[in-house]
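Take a look at the structure set out below.
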Amino acid sequence: MTETTGNESLESRLIGWKRISNYLGCSERTARRWEREEHLPVHRQQHDKRSTVFALPAELDTWLGTRADLPPTADPTGQASRSWAPAWIAVIVFAAVALVVLWPRTSTDDPPAERDPIAVDLYERGTALWEQRGEDANQRAVKLLTEAVERDDAYAEAWSALSLAWITLPTYSDEVSASDALEESLLAADRALQLDPTLVEARTAMASVARGRGDWLSSERIFLSALELDPDNTSLMLWFGGHARDAGFMNKSMQLTNEALAQDPTSPPILTEIAMNSYQLGEIETARSTLDYLWFDLGVETPVVWIGRWFALLDAGDHAAAGQWVDETPLRPFAETMRAYADFRAGTGADPATMAKVVTDAYNQGMPSWLAFHLLDQGGLTDAALDVLDDETSDGFFDLSVVLFFERGGEARQRAEFADFLERLGLFEYWQLRGAPDMCARDTNIVLCERLQARDAR
């Protein structure tokens, strides 16, 4: 531990273990261990009753430079790698994907004697980067986890983590196709399960691969088998809830979420899921109050909480508050688009054609497809919304298809093309086995519901 009088520049300080670990690209637990065992330069500002932990970037860079045993992770400028992933990327989690941050993993603070310590370090840094999301962080996670398994081919947890990192990479980067990433994920998950058949994370990756290939039934079976192995795993319940939600079974999703909440009633990820499911089901005030509690009381200032609250404000007709809330957005690359959209929904902004172009341009510049579709659909910009859906489902996959089953969905659902696109996703075959999505119980005149009834009657 290093004592300091606090004369260093406040602007350069990284205050708290979270910021320090983010800078290093590792978990908070690993950063603490590095301070304890490897003399990580951490300072403490002494106060009357407690101390504030902080570090100086220059000292961390110097310390990283002394770790010659580790593979280099410096960026092209020669500085130590940062893990500042673009904040807006995290919104694609909507709710469930954020839960993997709390996924229980086998502790490697005290690795077995036969485990390569460098592989352990690569695994810890790789998983910490993956949890932060974003193109750079996810790419580096794949790189570090690949190096980990290359050093230790029997490292089941690292193979499992690598399978999940491959699953999420196409969400953030267009340098790898979804099909190639799914194949890499499947290979990694298969190796993980050969080494340790009890790893539910690897099974979850396999479920995601199955879903990405339009095989929703196999995805469901994999989740169920994982739950048999670990029935009290609340994160697994929520992943399975996400499967149900994205297939249009919101009531089943809420049931699984409530079961998880009963086991862990203070979990921010579970509360976030509850809020987003409530929003999806049209319970706007419930969603907003829960999101307010997360943001203002618990300090959970994540993109998913921000955007959930923004949608709740828009749907409640509080357009002025929605416009002001954009000032707090972590989605900086699209802040002006969202501000313009709030004005548009208030009836004081751009005309429909202009607004459709603004959102479409944002989509072409990297706005997640589910977000672009939802904005266009809820704004009555149906043709543009269907164009996004057409483009995104061309390879048989649409990330976070929950928005397609929104309780107060727009005109898109009345179009034949909408049903065509959902057929591409393999959902009709799944619905024929598991029943129609919840939206068909509310309105059987929706084209996809009519088409599903016709198929069932054959």
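Nothing here was measured: the structure is a model prediction, and the numbers come from that model.
Taken to the nearest 0.5 Å, the CD atom of Glu273 stands 10.0 Å off from the OG atom of Ser267. For the atom pair CG (Leu145) and CH2 (Trp166), the distance works out to 11.0 Å, reported to the nearest 0.5 Å. The CG atom of Leu291 sits 11.5 Å away from atom CD1 of Ile307, with the distance rounded to the nearest 0.5 Å. The distance from the CG atom of Asp391 to the CG atom of Leu386 is 12.5 Å, given to the nearest 0.5 Å. Taken to the nearest 0.5 Å, the CH2 atom of Trp431 stands 13.0 Å off from the CG atom of Leu433. From Thr257, atom OG1 reaches atom CG of Leu238 across 5.0 Å, with rounding to the nearest 0.5 Å.
Contact detail for Asp327 and Arg339: the closest heavy-atom pair is OD1-NH1, 3.0 Å. Between Leu129 and Ala141, the shortest heavy-atom distance links the atoms CB-CB, 4.1 Å. Asp377 and Gly409 make their closest contact through OD2-CA, 3.9 Å (heavy atoms, listed as atom of the first residue, atom of the second, distance). Contact detail for Ala260 and Thr234: the closest heavy-atom pair is O-CG2, 3.8 Å. Contact between Gln263 and Asp232 at its shortest, heavy atoms only, is OE1-O, 3.2 Å. Ser253 and Arg245 make their closest contact through OG-CB, 3.5 Å (heavy atoms, listed as atom of the first residue, atom of the second, distance).
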**Study point:** Audit row: Phe334, Tyr341, ring pair (Phe, Tyr, Trp, His ring centres under 6.0 Å) steps and yes/no
**Key:** CA-CA 11 Å; Phe334 305 114; Tyr341 185 80; over 10 Å; no

Check your understanding: For Lys252 and Asp438, what are the C-alpha separation, side-chain angles and deciding distance, and is it a salt bridge (charged side-chain N to carboxylate O under 4.0 Å, His left out)?
Key -> CA-CA 9 Å; Lys252 176 66 173 178; Asp438 293 348; over 6 Å; no

Practice item. Apply side chain to side chain contact (heavy atoms under 4.5 Å, CB included) to the pair Ile274 and Asn258, showing each step before the final yes or no. Key: CA-CA 8 Å; Ile274 289 285; Asn258 283 327; 3.2 Å; yes

Exercise for review: Any chance you could lay out the side chain to side chain contact (heavy atoms under 4.5 Å, CB included) test for Tyr363 and Val358, step after step, and finish with the verdict?
Suggested key: CA-CA 9 Å; Tyr363 163 67; Val358 168; over 6 Å; no

Check your understanding: After noting the C-alpha distance and the side-chain angles of Thr266 and Asp264, does the key distance pass the side chain to side chain contact (heavy atoms under 4.5 Å, CB included) rule?
Key -> CA-CA 6 Å; Thr266 63; Asp264 191 358; 3.8 Å; yes

**Study point:** Intermediate values then yes/no, ring pair (Phe, Tyr, Trp, His ring centres under 6.0 Å), Phe311 and His374
**Key:** CA-CA 10 Å; Phe311 281 141; His374 192 63; 4.7 Å; yes

**Study point:** Intermediate values then yes/no, ring pair (Phe, Tyr, Trp, His ring centres under 6.0 Å), Trp63 and His39
**Key:** CA-CA 9 Å; Trp63 180 84; His39 309 293; 9.6 Å; no

Exercise for review: Check the pair Glu407, Tyr279 against side chain to side chain contact (heavy atoms under 4.5 Å, CB included), reporting the backbone distance first and the verdict last.
Suggested key: CA-CA 9 Å; Glu407 178 81 15; Tyr279 168 75; over 6 Å; no

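A donor-acceptor pair is defined here as one N or O able to donate and one able to accept, closer than 3.5 Å; no such pair exists between the side chain of Ser163 and the backbone of Ser185. A donor-acceptor contact shorter than 3.5 Å links the side chain of Ser160 to the backbone of Ala202. A donor-acceptor contact shorter than 3.5 Å links the side chain of Thr146 to the backbone of Val142. With Thr290 contributing its side chain and Ala275 its backbone, the two residues share no donor-acceptor pair below 3.5 Å. Remark: the backbone N or O of Ala58 is paired with a side-chain donor or acceptor of Thr62 at under 3.5 angstrom. A donor-acceptor contact shorter than 3.5 Å links the side chain of Arg203 to the backbone of Pro197. Between the side chain of Thr127 and the main chain of Tyr123, a donor-acceptor pair closer than 3.5 Å is present.
Side chains of Arg332 and Thr329 form a contact here, defined as non-hydrogen atoms less than 4.5 Å apart. Under the 4.5 Å side-chain criterion, counting only non-hydrogen atoms from C-beta, Asp153 is in contact with Arg191. Ser401 places a side-chain heavy atom less than 4.5 Å from the side chain of Leu404. Looking at Val200 and Thr198, their side chains never come closer than 4.5 Å, going by heavy atoms from C-beta outward. Counting only heavy atoms from C-beta outward, the side chains of Met250 and Val402 approach each other to under 4.5 Å. A heavy-atom distance below 4.5 Å is found between the side chains of Trp306 and Trp325. Inter-residue side-chain proximity for Leu448 and Pro437 is flagged as met; some heavy-atom pair is nearer than 4.5 Å. Between Asp387 and Thr360, the closest side-chain pair of non-hydrogen atoms is not below 4.5 Å.
Using bins of under 30°, 30° to 60° and over 60° for the plane-to-plane angle, the ring pair His243/Tyr430 lands in the perpendicular bin.
Both tests hold for Arg115 against Tyr155: distance to the six-membered ring centre under 6.0 Å, angle to the ring axis within 45°. Cation-pi geometry between Arg309 and Trp295 is not met at under 6.0 angstrom from the ring centre and within 45 degrees of the axis.
The existence of a salt bridge linking Lys143 and Glu147 is confirmed by a sub-4.0 Å separation between a basic side-chain nitrogen and an acidic carboxylate oxygen. Salt-bridge formation is not detected for the pair Arg211/Glu220: no Lys NZ or Arg NE/NH1/NH2 atom is positioned less than 4.0 Å from an Asp or Glu carboxylate oxygen.
For Val149, the side-chain contact (heavy atoms from CB on, under 4.5 Å) partners two or more places apart in sequence, or in a different chain, are Ala158, Trp159, Leu162. Partners of Glu259 by side-chain contact (heavy atoms from CB on, under 4.5 Å), not counting sequence neighbours, listed by chain and number: Met237, Gln255, Leu256.
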For residues 419-427, please give each side-chain donor-acceptor pair under 3.5 Å, one per line with the distance, not counting sequence neighbours.
residue	atom	partner	partner atom	Å
Asp420	OD1	Arg451	NH1	2.7
Asp420	OD1	Arg451	NH2	3.2
Glu423	OE1	Arg455	NH1	2.8
Glu423	OE2	Arg451	NH1	2.9
Arg424	NH1	Asp390	O	3.0
Arg424	NH1	Asp390	OD1	2.9
Arg424	NH1	Thr393	OG1	3.0
Arg424	NH2	Asp390	OD1	2.9

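More than 12 heavy atoms of other residues, nucleotides or ligands sit less than 6.0 Å from atom CZ of Phe428.
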